2 protein chains.
Amino acid sequence: MLTQTAVAGTPNVDRQFNVTRKSETAEGVHLGVALGFERNAEIYAEGEDSGYVYKIVSGVVRLCKLLPDGRRQITAFHMPGEIFGLESDEIHHTSAEAVVPAKVIAYRWEGVVGSEMQPAKFVRELLSQTVRGLRHTQDHLLLLGRKNALERLAAFLLEMDPRTGSKHVLNLAMPRHDIADYLGLTIETVSRMFAELKDMGTIKLESSRRVHILDMAKLRAMSA
Amino acid sequence: MLTQTAVAGTPNVDRQFNVTRKSETAEGVHLGVALGFERNAEIYAEGEDSGYVYKIVSGVVRLCKLLPDGRRQITAFHMPGEIFGLESDEIHHTSAEAVVPAKVIAYRWEGVVGSEMQPAKFVRELLSQTVRGLRHTQDHLLLLGRKNALERLAAFLLEMDPRTGSKHVLNLAMPRHDIADYLGLTIETVSRMFAELKDMGTIKLESSRRVHILDMAKLRAMSA
DNA sequence: CGGGATATTGACTCTTATCAATGCCCGTGG
DNA sequence: CCACGGGCATTGATAAGAGTCAATATCCCG
(Lines give C-alpha, C1' and ligand atoms only; values in the text may rest on other atoms or scores of the structure.)
Protein backbone atom coordinates (compact mmCIF):
# COMPACT_ATOMS: atom_id res chain seq x y z
CA MET A 1 0.00 0.00 0.00
CA LEU A 2 1.37 3.29 -1.05
CA THR A 3 0.16 6.48 0.56
CA GLN A 4 1.34 9.95 1.34
CA THR A 5 2.65 8.71 4.66
CA ALA A 6 4.30 5.58 3.38
CA VAL A 7 6.19 6.92 0.43
CA ALA A 8 9.70 6.20 1.62
CA GLY A 9 11.68 5.70 -1.54
CA THR A 10 9.14 7.50 -3.64
CA PRO A 11 10.72 10.11 -5.84
CA ASN A 12 10.74 13.70 -4.71
CA VAL A 13 7.61 13.68 -2.70
CA ASP A 14 8.69 16.85 -0.99
CA ARG A 15 8.95 18.75 -4.22
CA GLN A 16 5.62 17.82 -5.68
CA PHE A 17 2.17 19.14 -4.92
CA ASN A 18 0.04 16.05 -5.33
CA VAL A 19 0.41 12.31 -4.99
CA THR A 20 -2.12 9.74 -5.99
CA ARG A 21 -1.77 6.00 -6.06
CA LYS A 22 -2.40 4.99 -9.61
CA SER A 23 -2.20 1.29 -10.19
CA GLU A 24 -0.57 -1.79 -8.74
CA THR A 25 0.06 -5.16 -10.21
CA ALA A 26 1.19 -8.39 -8.66
CA GLU A 27 4.59 -8.10 -10.28
CA GLY A 28 5.06 -4.70 -8.78
CA VAL A 29 6.56 -3.42 -11.98
CA HIS A 30 3.78 -1.37 -13.40
CA LEU A 31 3.09 0.17 -10.11
CA GLY A 32 2.74 3.74 -11.17
CA VAL A 33 2.57 6.75 -8.89
CA ALA A 34 1.02 9.91 -10.26
CA LEU A 35 2.96 13.01 -9.32
CA GLY A 36 2.40 16.69 -9.92
CA PHE A 37 5.07 19.33 -10.15
CA GLU A 38 4.90 23.11 -10.10
CA ARG A 39 6.61 25.27 -12.67
CA ASN A 40 10.40 24.92 -12.28
CA ALA A 41 10.08 22.17 -9.68
CA GLU A 42 12.81 19.58 -9.81
CA ILE A 43 11.66 16.05 -10.57
CA TYR A 44 15.11 14.62 -9.97
CA ALA A 45 18.63 15.98 -9.81
CA GLU A 46 21.81 15.13 -11.66
CA GLY A 47 23.76 12.67 -9.54
CA GLU A 48 20.71 11.52 -7.59
CA ASP A 49 19.90 7.81 -7.29
CA SER A 50 17.62 6.66 -10.06
CA GLY A 51 15.06 3.93 -9.67
CA TYR A 52 12.04 5.24 -11.51
CA VAL A 53 11.16 6.03 -15.05
CA TYR A 54 8.62 8.76 -15.66
CA LYS A 55 5.88 9.05 -18.22
CA ILE A 56 4.42 12.48 -18.82
CA VAL A 57 0.67 12.88 -18.56
CA SER A 58 0.54 16.63 -19.04
CA GLY A 59 2.91 19.56 -19.06
CA VAL A 60 6.44 19.92 -20.34
CA VAL A 61 9.67 18.69 -18.78
CA ARG A 62 13.25 19.72 -19.51
CA LEU A 63 16.33 17.56 -19.00
CA CYS A 64 19.44 19.54 -18.05
CA LYS A 65 23.13 19.03 -17.62
CA LEU A 66 25.28 21.49 -15.71
CA LEU A 67 28.97 22.36 -15.66
CA PRO A 68 30.60 23.21 -12.32
CA ASP A 69 30.61 26.92 -13.18
CA GLY A 70 26.90 26.94 -13.90
CA ARG A 71 26.83 26.71 -17.66
CA ARG A 72 23.76 24.71 -18.56
CA GLN A 73 22.76 22.55 -21.50
CA ILE A 74 19.18 21.40 -21.93
CA THR A 75 19.33 18.06 -23.71
CA ALA A 76 15.63 17.65 -24.39
CA PHE A 77 12.14 18.94 -23.80
CA HIS A 78 9.66 16.16 -23.13
CA MET A 79 5.93 16.27 -23.85
CA PRO A 80 2.93 14.14 -22.80
CA GLY A 81 3.29 10.45 -23.60
CA GLU A 82 7.05 10.53 -23.52
CA ILE A 83 9.21 8.57 -21.08
CA PHE A 84 12.32 9.90 -19.41
CA GLY A 85 14.56 9.02 -16.50
CA LEU A 86 15.90 5.64 -17.62
CA GLU A 87 19.62 5.35 -16.91
CA SER A 88 22.34 2.84 -17.68
CA ASP A 89 23.36 2.74 -14.05
CA GLU A 90 21.87 3.68 -10.69
CA ILE A 91 22.46 7.41 -11.02
CA HIS A 92 20.68 10.15 -12.94
CA HIS A 93 23.01 11.84 -15.37
CA THR A 94 20.70 14.73 -16.09
CA SER A 95 18.31 16.65 -13.90
CA ALA A 96 14.63 16.85 -14.82
CA GLU A 97 12.45 19.91 -14.14
CA ALA A 98 8.93 20.96 -14.96
CA VAL A 99 8.88 23.80 -17.48
CA VAL A 100 5.19 24.34 -16.76
CA PRO A 101 3.06 22.56 -14.15
CA ALA A 102 3.35 18.90 -15.05
CA LYS A 103 1.75 15.60 -14.16
CA VAL A 104 3.85 12.49 -14.54
CA ILE A 105 3.57 8.84 -13.58
CA ALA A 106 6.61 7.34 -11.92
CA TYR A 107 7.22 3.62 -12.49
CA ARG A 108 9.50 1.66 -10.21
CA TRP A 109 12.19 0.36 -12.42
CA GLU A 110 13.94 -2.49 -10.51
CA GLY A 111 16.76 -2.91 -12.95
CA VAL A 112 14.93 -3.36 -16.19
CA VAL A 113 18.26 -3.65 -17.91
CA GLY A 114 19.88 -6.83 -16.74
CA SER A 115 16.87 -8.39 -15.09
CA GLU A 116 14.97 -11.28 -16.59
CA MET A 117 11.81 -10.45 -14.73
CA GLN A 118 10.52 -7.59 -16.80
CA PRO A 119 7.38 -7.84 -18.88
CA ALA A 120 8.49 -7.94 -22.50
CA LYS A 121 6.03 -5.26 -23.42
CA PHE A 122 7.44 -2.81 -20.91
CA VAL A 123 11.01 -3.48 -21.98
CA ARG A 124 10.08 -3.00 -25.60
CA GLU A 125 8.39 0.30 -24.93
CA LEU A 126 11.45 1.44 -23.06
CA LEU A 127 13.71 0.34 -25.89
CA SER A 128 11.53 2.04 -28.45
CA GLN A 129 11.45 5.33 -26.61
CA THR A 130 15.13 5.18 -25.81
CA VAL A 131 16.06 4.60 -29.44
CA ARG A 132 13.81 7.51 -30.37
CA GLY A 133 15.50 9.64 -27.74
CA LEU A 134 18.92 8.66 -29.03
CA ARG A 135 17.96 9.67 -32.54
CA HIS A 136 16.68 13.02 -31.36
CA THR A 137 19.84 13.62 -29.40
CA GLN A 138 21.99 12.79 -32.42
CA ASP A 139 20.02 15.26 -34.52
CA HIS A 140 20.61 17.82 -31.82
CA LEU A 141 24.35 17.12 -31.87
CA LEU A 142 24.38 18.14 -35.52
CA LEU A 143 22.56 21.32 -34.60
CA LEU A 144 24.93 22.22 -31.78
CA GLY A 145 28.08 21.19 -33.56
CA ARG A 146 27.47 22.56 -37.00
CA LYS A 147 24.55 24.98 -37.33
CA ASN A 148 24.68 28.75 -36.90
CA ALA A 149 22.36 30.72 -34.65
CA LEU A 150 19.69 31.39 -37.26
CA GLU A 151 19.61 27.78 -38.40
CA ARG A 152 19.32 26.64 -34.80
CA LEU A 153 16.33 28.81 -34.05
CA ALA A 154 14.63 27.85 -37.31
CA ALA A 155 15.15 24.17 -36.49
CA PHE A 156 13.82 24.74 -32.98
CA LEU A 157 10.61 26.31 -34.24
CA LEU A 158 10.14 23.46 -36.72
CA GLU A 159 10.65 20.96 -33.91
CA MET A 160 8.11 22.69 -31.70
CA ASP A 161 5.54 23.25 -34.43
CA PRO A 162 3.87 19.84 -34.38
CA ARG A 163 4.19 19.59 -30.61
CA THR A 164 2.53 22.78 -29.43
CA GLY A 165 -0.42 25.00 -30.20
CA SER A 166 -2.53 24.73 -33.30
CA LYS A 167 -1.46 24.67 -36.90
CA HIS A 168 1.54 26.96 -37.31
CA VAL A 169 0.78 28.93 -34.20
CA LEU A 170 3.31 27.97 -31.58
CA ASN A 171 2.59 28.33 -27.92
CA LEU A 172 6.05 28.04 -26.49
CA ALA A 173 6.05 26.66 -22.98
CA MET A 174 9.56 27.86 -22.17
CA PRO A 175 11.22 31.23 -21.68
CA ARG A 176 14.10 32.54 -23.79
CA HIS A 177 16.60 31.33 -21.27
CA ASP A 178 15.53 27.72 -21.77
CA ILE A 179 15.56 28.10 -25.54
CA ALA A 180 19.07 29.54 -25.34
CA ASP A 181 20.31 26.69 -23.15
CA TYR A 182 18.72 24.16 -25.48
CA LEU A 183 20.29 25.72 -28.58
CA GLY A 184 23.70 26.43 -27.06
CA LEU A 185 23.28 30.20 -27.44
CA THR A 186 22.69 33.22 -25.19
CA ILE A 187 19.26 34.75 -24.66
CA GLU A 188 20.43 37.87 -26.50
CA THR A 189 21.34 35.90 -29.59
CA VAL A 190 18.05 34.00 -29.46
CA SER A 191 16.25 37.32 -29.26
CA ARG A 192 18.18 38.71 -32.23
CA MET A 193 17.44 35.63 -34.30
CA PHE A 194 13.73 35.92 -33.50
CA ALA A 195 13.95 39.52 -34.70
CA GLU A 196 15.75 38.45 -37.85
CA LEU A 197 13.16 35.80 -38.70
CA LYS A 198 10.49 38.40 -38.09
CA ASP A 199 12.23 40.95 -40.35
CA MET A 200 12.48 38.34 -43.08
CA GLY A 201 8.74 37.79 -42.85
CA THR A 202 9.15 34.17 -41.84
CA ILE A 203 7.42 34.46 -38.50
CA LYS A 204 5.21 36.86 -36.57
CA LEU A 205 5.59 37.40 -32.83
CA GLU A 206 2.20 37.78 -31.22
CA SER A 207 4.01 37.83 -27.89
CA SER A 208 7.36 36.43 -26.87
CA ARG A 209 5.72 33.06 -26.22
CA ARG A 210 3.27 33.01 -29.14
CA VAL A 211 4.87 32.63 -32.53
CA HIS A 212 3.10 32.42 -35.88
CA ILE A 213 4.93 30.67 -38.67
CA LEU A 214 4.15 32.64 -41.81
CA ASP A 215 6.42 30.90 -44.28
CA MET A 216 6.96 27.25 -43.52
CA ALA A 217 9.00 26.57 -46.64
CA LYS A 218 11.40 29.41 -45.96
CA LEU A 219 11.78 28.28 -42.36
CA ARG A 220 12.58 24.77 -43.51
CA ALA A 221 15.12 25.99 -46.05
CA MET A 222 16.67 28.12 -43.36
CA SER A 223 17.06 25.31 -40.82
CA ALA A 224 19.88 24.11 -43.09
CA MET B 1 21.98 -20.72 -46.21
CA LEU B 2 23.91 -17.56 -46.55
CA THR B 3 26.88 -17.38 -48.88
CA GLN B 4 28.79 -14.85 -50.87
CA THR B 5 26.55 -15.53 -53.84
CA ALA B 6 23.30 -15.50 -51.92
CA VAL B 7 23.69 -12.34 -49.94
CA ALA B 8 20.84 -10.35 -51.40
CA GLY B 9 19.75 -8.18 -48.57
CA THR B 10 23.04 -8.49 -46.80
CA PRO B 11 24.44 -5.13 -45.84
CA ASN B 12 27.02 -3.53 -48.07
CA VAL B 13 28.64 -6.62 -49.41
CA ASP B 14 30.07 -4.60 -52.26
CA ARG B 15 31.89 -2.25 -49.93
CA GLN B 16 33.52 -4.80 -47.72
CA PHE B 17 36.55 -6.96 -48.31
CA ASN B 18 35.59 -10.14 -46.55
CA VAL B 19 32.42 -12.02 -45.73
CA THR B 20 32.15 -15.06 -43.55
CA ARG B 21 29.07 -16.79 -42.33
CA LYS B 22 29.29 -16.72 -38.59
CA SER B 23 26.43 -18.49 -36.90
CA GLU B 24 22.86 -19.42 -37.48
CA THR B 25 20.14 -20.35 -35.05
CA ALA B 26 16.71 -21.77 -35.60
CA GLU B 27 15.08 -18.46 -34.75
CA GLY B 28 17.13 -16.72 -37.34
CA VAL B 29 17.71 -13.83 -35.01
CA HIS B 30 21.23 -14.38 -33.91
CA LEU B 31 22.28 -15.12 -37.38
CA GLY B 32 25.40 -13.04 -37.49
CA VAL B 33 27.41 -12.22 -40.58
CA ALA B 34 31.02 -11.23 -40.09
CA LEU B 35 32.01 -8.35 -42.30
CA GLY B 36 35.27 -6.55 -42.88
CA PHE B 37 35.68 -2.97 -43.97
CA GLU B 38 38.68 -1.03 -45.23
CA ARG B 39 39.68 2.31 -43.83
CA ASN B 40 36.99 4.89 -44.68
CA ALA B 41 34.66 2.28 -46.14
CA GLU B 42 30.99 2.98 -45.61
CA ILE B 43 29.14 0.39 -43.54
CA TYR B 44 25.80 2.02 -44.19
CA ALA B 45 24.62 5.42 -45.38
CA GLU B 46 22.29 7.99 -43.86
CA GLY B 47 18.83 7.42 -45.33
CA GLU B 48 19.55 3.81 -46.26
CA ASP B 49 17.16 1.05 -45.18
CA SER B 50 18.16 -0.42 -41.88
CA GLY B 51 17.60 -4.02 -40.91
CA TYR B 52 20.81 -4.99 -39.16
CA VAL B 53 22.53 -4.05 -35.99
CA TYR B 54 26.31 -4.29 -35.91
CA LYS B 55 28.66 -5.38 -33.19
CA ILE B 56 32.28 -4.40 -33.53
CA VAL B 57 34.88 -7.13 -33.31
CA SER B 58 37.91 -5.01 -34.09
CA GLY B 59 38.67 -1.56 -35.42
CA VAL B 60 36.97 1.77 -34.91
CA VAL B 61 33.75 3.03 -36.47
CA ARG B 62 32.43 6.59 -36.72
CA LEU B 63 28.77 7.58 -36.97
CA CYS B 64 28.19 10.73 -39.03
CA LYS B 65 25.42 13.13 -39.86
CA LEU B 66 25.66 15.50 -42.80
CA LEU B 67 24.02 18.77 -43.75
CA PRO B 68 23.10 19.37 -47.39
CA ASP B 69 26.07 21.71 -47.84
CA GLY B 70 28.53 19.13 -46.56
CA ARG B 71 29.01 20.21 -42.97
CA ARG B 72 29.54 17.06 -40.96
CA GLN B 73 29.00 16.08 -37.36
CA ILE B 74 30.42 12.85 -36.00
CA THR B 75 28.05 11.70 -33.26
CA ALA B 76 30.17 8.87 -31.89
CA PHE B 77 33.24 6.72 -32.29
CA HIS B 78 32.56 3.07 -31.59
CA MET B 79 35.07 0.52 -30.36
CA PRO B 80 35.14 -3.30 -30.15
CA GLY B 81 32.21 -4.80 -28.24
CA GLU B 82 29.92 -1.89 -28.93
CA ILE B 83 26.69 -2.14 -30.90
CA PHE B 84 25.50 0.41 -33.40
CA GLY B 85 22.94 0.66 -36.18
CA LEU B 86 19.70 0.21 -34.23
CA GLU B 87 17.04 2.64 -35.41
CA SER B 88 13.56 3.58 -34.29
CA ASP B 89 12.24 3.12 -37.80
CA GLU B 90 13.34 1.39 -40.97
CA ILE B 91 15.88 4.00 -42.01
CA HIS B 92 19.40 4.79 -40.85
CA HIS B 93 19.63 8.33 -39.54
CA THR B 94 23.40 8.39 -39.44
CA SER B 95 26.01 6.89 -41.72
CA ALA B 96 28.61 4.50 -40.36
CA GLU B 97 32.16 4.30 -41.64
CA ALA B 98 35.31 2.47 -40.66
CA VAL B 99 37.93 4.83 -39.24
CA VAL B 100 40.52 2.08 -39.51
CA PRO B 101 40.06 -1.40 -41.00
CA ALA B 102 37.23 -2.91 -38.99
CA LYS B 103 35.57 -6.26 -38.47
CA VAL B 104 31.93 -6.25 -37.43
CA ILE B 105 29.18 -8.80 -37.06
CA ALA B 106 25.85 -7.85 -38.60
CA TYR B 107 22.74 -9.24 -36.93
CA ARG B 108 19.45 -9.35 -38.76
CA TRP B 109 17.13 -7.30 -36.71
CA GLU B 110 13.55 -8.12 -37.82
CA GLY B 111 11.89 -5.37 -35.88
CA VAL B 112 13.23 -6.00 -32.42
CA VAL B 113 11.21 -3.03 -31.27
CA GLY B 114 7.58 -3.98 -31.53
CA SER B 115 8.02 -7.68 -32.09
CA GLU B 116 7.24 -10.25 -29.43
CA MET B 117 9.54 -12.81 -30.94
CA GLN B 118 12.87 -11.55 -29.77
CA PRO B 119 14.95 -13.37 -27.23
CA ALA B 120 14.74 -11.35 -24.03
CA LYS B 121 18.48 -11.45 -23.62
CA PHE B 122 19.07 -9.84 -26.99
CA VAL B 123 16.50 -7.13 -26.37
CA ARG B 124 18.03 -6.37 -23.00
CA GLU B 125 21.51 -6.08 -24.45
CA LEU B 126 20.17 -3.70 -27.06
CA LEU B 127 18.39 -1.64 -24.42
CA SER B 128 21.46 -1.54 -22.25
CA GLN B 129 23.73 -0.38 -25.06
CA THR B 130 21.17 2.10 -26.33
CA VAL B 131 20.76 3.69 -22.92
CA ARG B 132 24.53 3.87 -22.65
CA GLY B 133 24.67 5.48 -26.09
CA LEU B 134 22.00 7.98 -25.11
CA ARG B 135 23.96 8.96 -22.04
CA HIS B 136 27.12 9.44 -24.04
CA THR B 137 25.29 11.55 -26.58
CA GLN B 138 23.80 13.73 -23.84
CA ASP B 139 27.26 14.29 -22.39
CA HIS B 140 28.40 15.25 -25.84
CA LEU B 141 25.56 17.75 -26.18
CA LEU B 142 26.92 19.55 -23.14
CA LEU B 143 30.34 19.59 -24.74
CA LEU B 144 29.09 20.97 -28.06
CA GLY B 145 26.63 23.41 -26.58
CA ARG B 146 28.63 24.87 -23.73
CA LYS B 147 32.35 24.06 -23.76
CA ASN B 148 35.08 26.08 -25.43
CA ALA B 149 37.66 24.65 -27.80
CA LEU B 150 40.28 23.85 -25.17
CA GLU B 151 37.74 22.17 -22.89
CA ARG B 152 36.46 20.12 -25.81
CA LEU B 153 39.86 18.79 -26.75
CA ALA B 154 40.72 18.04 -23.12
CA ALA B 155 37.45 16.12 -22.74
CA PHE B 156 38.13 14.26 -25.97
CA LEU B 157 41.55 13.10 -24.81
CA LEU B 158 40.08 11.98 -21.48
CA GLU B 159 37.37 10.06 -23.33
CA MET B 160 39.92 8.33 -25.55
CA ASP B 161 42.40 7.59 -22.79
CA PRO B 162 40.83 4.41 -21.42
CA ARG B 163 39.82 3.28 -24.89
CA THR B 164 43.09 3.37 -26.78
CA GLY B 165 46.75 2.62 -26.31
CA SER B 166 48.37 1.88 -23.00
CA LYS B 167 48.28 3.85 -19.81
CA HIS B 168 48.21 7.54 -20.69
CA VAL B 169 49.67 7.03 -24.12
CA LEU B 170 46.91 7.55 -26.64
CA ASN B 171 47.04 5.97 -30.04
CA LEU B 172 44.42 8.00 -31.83
CA ALA B 173 42.79 6.06 -34.63
CA MET B 174 41.38 9.14 -36.35
CA PRO B 175 42.85 12.11 -38.22
CA ARG B 176 42.42 15.74 -37.16
CA HIS B 177 39.50 16.15 -39.51
CA ASP B 178 37.50 13.51 -37.65
CA ILE B 179 38.40 14.98 -34.28
CA ALA B 180 37.26 18.38 -35.52
CA ASP B 181 33.95 17.03 -36.80
CA TYR B 182 33.41 15.19 -33.54
CA LEU B 183 34.14 18.28 -31.43
CA GLY B 184 32.28 20.78 -33.62
CA LEU B 185 35.51 22.65 -34.48
CA THR B 186 37.81 23.12 -37.47
CA ILE B 187 41.02 21.19 -37.93
CA GLU B 188 42.98 24.42 -37.46
CA THR B 189 41.42 25.05 -34.06
CA VAL B 190 42.00 21.45 -33.03
CA SER B 191 45.63 21.84 -34.03
CA ARG B 192 45.99 25.05 -32.05
CA MET B 193 44.42 23.49 -28.97
CA PHE B 194 46.84 20.53 -29.21
CA ALA B 195 49.63 23.09 -29.34
CA GLU B 196 48.21 24.94 -26.36
CA LEU B 197 47.95 21.76 -24.25
CA LYS B 198 51.50 20.97 -25.26
CA ASP B 199 52.74 24.45 -24.29
CA MET B 200 51.04 24.11 -20.93
CA GLY B 201 52.91 20.88 -20.34
CA THR B 202 49.71 18.86 -20.13
CA ILE B 203 50.47 16.56 -23.05
CA LYS B 204 53.36 15.56 -25.27
CA LEU B 205 52.91 14.92 -28.98
CA GLU B 206 55.04 12.00 -30.06
CA SER B 207 53.41 12.31 -33.46
CA SER B 208 50.06 13.77 -34.49
CA ARG B 209 48.41 10.43 -33.69
CA ARG B 210 50.39 9.49 -30.59
CA VAL B 211 49.67 11.63 -27.56
CA HIS B 212 51.17 11.27 -24.10
CA ILE B 213 49.15 12.62 -21.22
CA LEU B 214 51.66 14.18 -18.83
CA ASP B 215 49.32 15.76 -16.31
CA MET B 216 46.07 13.91 -15.91
CA ALA B 217 44.79 16.13 -13.10
CA LYS B 218 45.36 19.30 -15.08
CA LEU B 219 43.65 17.78 -18.10
CA ARG B 220 40.65 16.84 -16.01
CA ALA B 221 40.43 20.28 -14.46
CA MET B 222 40.64 21.75 -17.93
CA SER B 223 37.83 19.69 -19.41
CA ALA B 224 35.47 21.79 -17.28
C1' DC C 1 64.22 10.35 -52.52
C1' DG C 2 59.96 12.34 -53.94
C1' DG C 3 55.15 13.42 -53.60
C1' DG C 4 50.51 13.51 -51.76
C1' DA C 5 47.94 13.66 -47.86
C1' DT C 6 47.79 15.41 -43.35
C1' DA C 7 49.00 18.76 -39.92
C1' DT C 8 50.71 23.19 -38.19
C1' DT C 9 51.14 28.08 -38.00
C1' DG C 10 50.06 32.92 -39.14
C1' DA C 11 47.17 36.99 -40.47
C1' DC C 12 42.82 38.53 -40.67
C1' DT C 13 37.53 38.21 -40.49
C1' DC C 14 33.19 37.23 -38.72
C1' DT C 15 29.87 35.36 -35.67
C1' DT C 16 28.37 35.22 -31.29
C1' DA C 17 29.24 36.51 -26.37
C1' DT C 18 29.39 40.07 -23.11
C1' DC C 19 28.07 44.16 -20.86
C1' DA C 20 24.75 47.64 -20.37
C1' DA C 21 20.57 50.21 -21.12
C1' DT C 22 15.82 50.20 -22.16
C1' DG C 23 11.33 48.30 -22.94
C1' DC C 24 7.42 45.36 -22.10
C1' DC C 25 4.12 42.54 -19.73
C1' DC C 26 1.53 41.33 -15.88
C1' DG C 27 0.23 41.04 -11.20
C1' DT C 28 -0.29 43.65 -6.97
C1' DG C 29 -1.69 47.14 -4.11
C1' DG C 30 -2.83 51.85 -3.30
C1' DC D 1 -8.34 52.16 -12.30
C1' DC D 2 -3.88 53.38 -12.49
C1' DA D 3 0.92 53.35 -10.66
C1' DC D 4 4.53 50.58 -9.28
C1' DG D 5 7.68 46.79 -9.37
C1' DG D 6 9.82 42.59 -10.83
C1' DG D 7 10.82 39.31 -14.13
C1' DC D 8 11.55 38.66 -18.83
C1' DA D 9 12.75 40.25 -23.41
C1' DT D 10 14.78 43.36 -26.74
C1' DT D 11 18.28 46.31 -28.57
C1' DG D 12 22.86 48.50 -28.89
C1' DA D 13 28.00 48.87 -28.53
C1' DT D 14 32.04 46.41 -28.03
C1' DA D 15 35.07 42.32 -27.30
C1' DA D 16 36.53 37.72 -27.63
C1' DG D 17 36.80 33.23 -29.57
C1' DA D 18 36.73 30.44 -33.36
C1' DG D 19 36.55 30.38 -38.50
C1' DT D 20 38.66 31.34 -42.94
C1' DC D 21 42.25 31.76 -46.13
C1' DA D 22 46.87 30.99 -47.15
C1' DA D 23 51.56 29.56 -46.52
C1' DT D 24 54.66 26.13 -44.90
C1' DA D 25 55.92 21.83 -42.51
C1' DT D 26 55.76 17.00 -41.56
C1' DC D 27 54.71 12.33 -42.19
C1' DC D 28 54.07 8.25 -44.61
C1' DC D 29 54.38 5.28 -48.56
C1' DG D 30 55.94 3.96 -52.69
Side-chain angles (χ1 to χ4, degrees), chain A residues 38-40 62 67 69-73 99-100 143-157 170-200 203-211 222 224, chain B residues 38-40 62 67 69-74 99-101 143-157 170-200 203-211 222 224:
Chain A
E38 302 282 8
R39 193 166 80 96
N40 292 326
R62 62 175 174 254
L67 288 174
D69 64 3
R71 282 174 285 175
R72 183 179 72 151
Q73 179 64 44
V99 175
V100 293
L143 180 147
L144 292 179
R146 290 305 182 204
K147 291 186 184 178
N148 65 32
L150 192 61
E151 293 168 339
R152 291 182 198 196
L153 186 61
F156 173 74
L157 294 175
L170 309 197
N171 240 312
L172 299 175
M174 66 294 288
R176 293 288 184 270
H177 190 248
D178 281 3
I179 299 175
D181 283 350
Y182 182 58
L183 299 180
L185 301 170
T186 60
I187 57 175
E188 293 94 332
T189 298
V190 169
S191 213
R192 282 184 246 272
M193 296 304 115
F194 266 114
E196 196 163 326
L197 288 176
K198 194 182 63 182
D199 293 347
M200 298 168 87
I203 63 170
K204 187 159 79 79
L205 283 169
E206 187 180 324
S207 75
S208 75
R209 302 290 190 97
R210 278 186 78 83
V211 183
M222 206 171 298
Chain B
E38 301 283 9
R39 195 166 78 96
N40 291 326
R62 61 175 174 252
L67 288 173
D69 64 2
R71 282 175 285 176
R72 183 179 72 151
Q73 179 64 43
I74 294 178
V99 175
V100 292
L143 180 148
L144 292 179
R146 290 303 181 205
K147 290 186 185 179
N148 66 30
L150 192 60
E151 293 167 339
R152 292 182 198 195
L153 186 60
F156 173 74
L157 294 175
L170 310 197
N171 240 313
L172 298 175
M174 67 293 289
R176 293 289 184 269
H177 190 248
D178 281 3
I179 298 175
D181 283 351
Y182 182 58
L183 299 180
L185 301 170
T186 60
I187 55 173
E188 292 93 333
T189 298
V190 170
S191 214
R192 283 184 247 271
M193 295 305 114
F194 266 114
E196 196 162 325
L197 287 177
K198 194 183 62 183
D199 294 348
M200 297 168 87
I203 62 169
K204 186 159 79 81
L205 283 168
E206 186 179 325
S207 76
S208 75
R209 302 290 189 97
R210 277 187 79 84
V211 183
M222 206 171 296

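Quick caveat, the model's predicted, so the values are computed rather than measured.
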Can you work out whether Asn40(B) or Glu188(B) has the more 5'-proximal nearest nucleotide on DNA chain C?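 The answer here is Asn40(B).
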When the nearest nucleotide of DNA chain C is assigned to Met174(B) and to Met193(A) on a heavy-atom basis, which residue is associated with the more 5' position?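 With Met174(B) and Met193(A) compared, the 5'-side residue is Met174(B).
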Got a sec, which residues hit side-chain hydrogen bond (donor to acceptor under 3.5 Å, both in side chains) with Thr189(B), two or more places apart in sequence or on another chain?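 Partners of Thr189(B) by the side-chain hydrogen bond (donor to acceptor under 3.5 Å, both in side chains) criterion, ordered by chain and then number, come out as Thr186(B).
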Considering every strand and a 4.0 Å limit on heavy-atom distances, what is the contact class for Ser208(B): base, sugar-phosphate, or nothing?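 Sugar-phosphate contact only - Ser208(B) comes under 4.0 Å of backbone atoms but never of a base.
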Look at all strands and tell whether Arg210(B) reaches a base, only sugar-phosphate, or nothing, counting heavy atoms closer than 4.0 Å.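 Nothing, no nucleic acid heavy atom in range.
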Under 4.0 angstrom between [X] side-chain N/O and [N] OP1 or OP2:
| X | N | result |
| --- | --- | --- |
| Thr186(A) | dA17(C) | yes |
| Arg192(A) | dA17(C) | no |
| Thr189(A) | dT16(C) | no |

Can you check whether [X] reaches [Y] side chain to side chain, under 4.5 Å on heavy atoms?
| X | Y | answer |
| --- | --- | --- |
| Glu188(A) | Arg192(A) | yes |
| Tyr182(A) | Leu143(A) | no |
| Leu197(A) | Met193(A) | no |

Euclidean distance, atom [atom1] of residue [X] to atom [atom2] of [N] [Å, nearest integer]:
| X | N | atom1 | atom2 | result |
| --- | --- | --- | --- | --- |
| Leu185(B) | dT8(C) | CG | C1' | 16 Å |
| His177(B) | dC27(D) | NE2 | C1' | 19 Å |
| Arg209(A) | dC8(D) | CZ | C1' | 8 Å |
| Ile187(B) | dC21(D) | CD1 | P | 13 Å |
| Asp181(A) | dC8(D) | CG | P | 13 Å |
| Arg39(B) | dT6(C) | CZ | P | 7 Å |
| Phe194(B) | dA18(D) | CZ | P | 15 Å |
| Glu196(B) | dT9(C) | CD | C1' | 14 Å |

Around atom CZ of Arg39(B), are there more than 12 heavy atoms from other residues, nucleotides or ligands closer than 6.0 Å?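 Counting other residues, nucleotides and ligands, CZ of Arg39(B) stays at 12 neighbours or fewer.
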Is any NZ, NE, NH1 or NH2 atom of the basic residue among Asp178(B) and Arg72(B) found under 4.0 Å from an Asp or Glu carboxylate oxygen of the other?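 A salt bridge links Asp178(B) with Arg72(B).
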Options dT10(D), dT11(D), dT9(C), nucleotide nearest the side-chain atoms of Arg176(A):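 Among the listed nucleotides, the one closest to the side chain of Arg176(A) is dT10(D).
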Close residues, residues 146-154 of chain B, relative to DNA chain D [heavy-atom separation under 4.0 Å]: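 Output list: Asn148(B), Ala149(B).
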With Arg152(B) as reference, evaluate Ile179(B), Leu144(B), Leu157(B), Val190(B) under the side chain to side chain contact (heavy atoms under 4.5 Å, CB included) test and give the passing residue.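 Only match with Arg152(B) under side chain to side chain contact (heavy atoms under 4.5 Å, CB included): Leu144(B).
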